[in-house]
Amino acid sequence: MSACVPARADSARTKHVHPPHSPPPGGPRRYRVAGADVSASIAVFLIALPLSLGIALATGAPLQAGLVAAAVGGIVAGRIGGCPLQVSGPAAGLTVVTADLIQQYGWRTTCAITVFAGIAQLGLGCLRVARTALAVSPAIVHGMLAGIGVTIAVAQLHIVLGGTPQSSVPDNLVALPAQLANLHPADVAVSVLTLTLLLLWPRLPGRAGDILGKLPAALIAVGGATAVAALTGLRLPKVDLPSWSSHALASLPEGPVLGLVAAVLTTTLVCSVQSLLGAVAVDKLVAARPALTGRVKRSDLDRELLGQGAANIVSGSLGGLPIAGVAVRSSANVAAGAVSRNSTMLHGVLVVIAALLLVPALELIPLASLAALVMSVGLKMVSLNHIRTVTRHREVLVYAVTTCGVVFLGVLEGVVLGIAVAVGVALHRLTRTRITHDDVEGVHHVHVRGQLTFLAVPRLSRVLHQVPHGADAVVELDGSFMDHAAYETLQDWQKTHTAQGGSVDITGRRPGTRISEPAEVDGCRCRPWTPWRNHQCERPSKAPAPGTDRRAASGSPTRESPATTPGPNASGTSGESSAPGAYGTPGATGTTDQPHGHELARGISAFHRNTAPLMRRELARLAREGQQPSQLFLTCADSRVVTSMITSSGPGDLFVVRNVGNFVPPPGEESGDDSVAAAIEYAVDVLKVRSITVCGHSGCGAMQALLGADPAGARTPLQRWLRHGLPSLERVPADAAEDGRERPRLAGRAPADAAERLCLANVVQQLEHLRAHESVARALGAGDLELQGMYFHVGEAQSYLLSEDTEGGVFELVRETNLTA
């Protein structure tokens, strides 16, 4: 048998069937819906029902079209779409587009345009271009939504006042004074009541507010206004739902071809961009939920486009409004705890039931109440948070132009204007470069802000030549792009200035960002604070000798190369990170053997050149003011535990004590180690630290040695030191439950092995030793100090903090938080 064919090659194709006389396997799996999905679907349905009617009213479409779109969006897009928790339906962002189409082409042609837009979305989904839509500047998207919101609010204001809106924002603004002079008190009263309930309902105080606040404010506002209007007998226009038998369906489009194509493109663009951005936003909301609510897969944006396209085809065919992902309903779905797409689909089913069985109740709703609801939605689309964001990123011009273009010209025209302005702003930033020169204590600083292109070369050359010959110079580049002309200018000037006895340091805005080639010391190029692999040194490969394997010459491991032989690395462990050659380890194939002292010199040289210029001012301040650390960090001497890295701290933040096993010998113990006690006393009484952290870690050699310790006695210094871990060993007997007590553990999973179990117990035990020290006990009693236990899993790069609120102590995983400037 050939060695290339597996011995059991046919087993993969063997069909396993049950024995002929045994009962067949269980029937098909029953369809189950989680309780969280049921409750979430009800919450979304209660929000979708009034909003769907209101949006249909705002567009001028038959009111039933809003219910059709809500049902189809929930069932079809919910089942096919790629974002399980996004709720689709008639969206406020499509109101202006749809209203223009209805006014220009009529309702039946608008339905046909919706169908063709859905077909276009299917094509885009098949081409897998969904991610391309996200390349549109957020300022353009926010400006588009703000413009649509303004248009909606101005139009619905006329209905709120008891009148009829005009076809455009300028016409509505011109007609507003006359409308204010001819108010309809009943419409205004119902609208004010609706807006008041919308505003106050989420702010109800006390326990009653917590309970009642779970009901959607939109439902309460419309329901309350409807009840008041019915009880008081107010005469005002109300919802009119004609019989479903007379419902208008799509027909063949009529109108100029170019106009219809533009209409399809506009509908496709707005539906797709809003849905895709909504899917991304839903992913963020789901990620921010507590882990206990269930895991939901991230969105498949191409599949989401396919789902939206299918929903628009069905909705347009059945006489419904265009469909897109809706932010209000989607956020409510996530907040209600939905765990699958079943909640979205159930909400669509509930809309169908309401459209068939609740028509008499729906026809009691005043149109002014729906108009007030939609007007509030439009006003919320002009988000102050979005305005702050675009201001911070200097894109106010793009936002303002897009908003004004949508308001006064139309959605497609406004978006095109916004894109044109965004491109112009980008080009302006690319060509606008500020170059300054300062002399600070004899060191000449040349600061370049912006992108360095050939257009800035004359100014750059003029400023560089202001640096005197033989002077020390630092060129700081605060930008992300440099073309070849600027690079050549910098390099030529640097070589000339260095040849004349001066020094040049070219740095970027971030640590380690350099334009010139990294410094070479003994042939090693060091890049500090980059993705790490021990010293992160790379030796330039030498030309291989004739007949030599090129991979061996470059130091890459080969089957015959000694690179596959495990050996000690800089961390004191063995494994692949000890592969010679690629990282400057002595003995590498194709490299020159160097003493280990050269590695130290290379690292120091890299620090002097790359990091020291960035840290010099801070270190000088610390040298003047002295150390004022906030905490004492007591951890193991293991080289893989980098305290500053795992705590994101810098010079002066931590007072660190390291020893084998992160032990804290109890005070007064015979032959104890006074160095740890002295460090604790100094940190607490002199430095006045506010917290002490004892940090253990996975794969600890001290814990392994403790598990295999010889109880006969300590003979070597290491064995004598390990006796400080014997109390920890006693906390974890072979039978962990023999005394009925809970043991220290990790939240969410059991310890991987006995060494990890001992490491967790050791952290808890050393905290008890800490409390026995007089200085620590005194600070704890005064409330000036807190103790923390920590466990760092090296392989997972994750940290756990000890929570002592539970019996035995549980180490909770530190969750990622969104830290904003």
Side-chain angles (χ1 to χ4, degrees), residues 47-67 69 90-103 107 110 147-199 217-230 232 234-242 321 328 362-382 406-407:
I47 296 174
L49 190 63
L51 281 177
S52 300
L53 292 172
I55 291 172
L57 172 67
T59 60
L63 296 184
Q64 289 168 320
L67 299 177
L94 294 164
T95 302
V96 177
V97 176
T98 309
D100 289 342
L101 294 179
I102 294 174
Q103 184 178 7
W107 171 241
T110 300
I148 292 173
V150 171
T151 306
I152 292 173
V154 173
Q156 297 308 298
L157 180 59
H158 283 269
I159 301 179
V160 166
L161 298 176
T164 302
Q166 305 299 316
S167 59
S168 65
V169 174
D171 293 341
N172 281 320
L173 293 176
V174 170
L176 189 58
Q179 186 64 60
L180 290 172
N182 187 24
L183 293 178
H184 292 69
D187 294 273
V188 174
V190 169
S191 301
V192 170
L193 177 60
T194 303
L195 294 174
T196 302
L197 289 174
L198 276 174
L199 179 65
L219 177 69
I220 296 300
V222 175
T226 302
V228 170
T232 57
L234 293 176
R235 300 176 61 86
L236 67 172
K238 297 180 181 180
V239 169
D240 182 16
L241 292 176
L321 291 170
V328 176
L362 296 178
E363 290 184 335
L364 297 175
I365 300 175
L367 295 182
S369 178
L370 290 179
L373 174 63
V374 176
M375 186 178 72
S376 69
V377 173
L379 292 175
K380 289 180 180 178
M381 293 172 70
V382 186
V406 171
V407 169

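Quick note: numbers below take in every heavy atom, side chains included, and nothing from hydrogens, waters or symmetry partners. Not measured: the values here are computed from a predicted model.
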Are [X] and [Y] side-chain neighbours, meaning at least one heavy-atom pair lies under 4.5 Å?
X	Y	result
Asp187	Pro237	yes
Leu157	Gln179	no
Val96	Val406	no
Leu219	Leu49	no
Val190	Leu236	yes
Leu57	Leu63	yes
Val377	Ile152	no
Thr164	Ile159	no

Looking only at non-hydrogen atoms, find the nearest pair between [X] and [Y] and report the distance.
X	Y	result
Ala56	Gly66	CB-N, 3.9 Å
Ser369	Thr194	OG-OG1, 2.9 Å
Leu193	Ala225	CD2-CA, 3.8 Å
Thr59	Ile102	O-CD1, 3.5 Å
Ala229	Thr232	O-OG1, 3.5 Å
Ala372	Ser191	CB-O, 3.8 Å

TODO: Among Ile55, Leu51, Leu197, Leu195, find the one that has a side-chain contact (heavy atoms from CB on, under 4.5 Å) with Leu373.
DONE: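 In the set Ile55, Leu51, Leu197, Leu195, the residue that makes a side-chain contact (heavy atoms from CB on, under 4.5 Å) with Leu373 is Leu51.
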Open item on the list: Using only atom types and a distance under 3.5 Å, with no angle test, would you say the side chain of Thr98 pairs donor to acceptor with the backbone of Thr95?
Closed with: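 The answer is no, because no donor-acceptor pair under 3.5 Å joins these two groups.
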Task: Point-to-point distance, once rounded to the nearest 0.5 Å, from CG of Leu161 to CD of Gln156 - done: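 So the CG of Leu161 and the CD of Gln156 are separated by 11.0 Å.
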- [ ] Output the distance between atom CG (Asp240) and atom CD (Gln64), rounded to the nearest 0.5 Å.
- [x]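 Asp240 CG to Gln64 CD: 9.0 Å, rounded to 0.5 Å.
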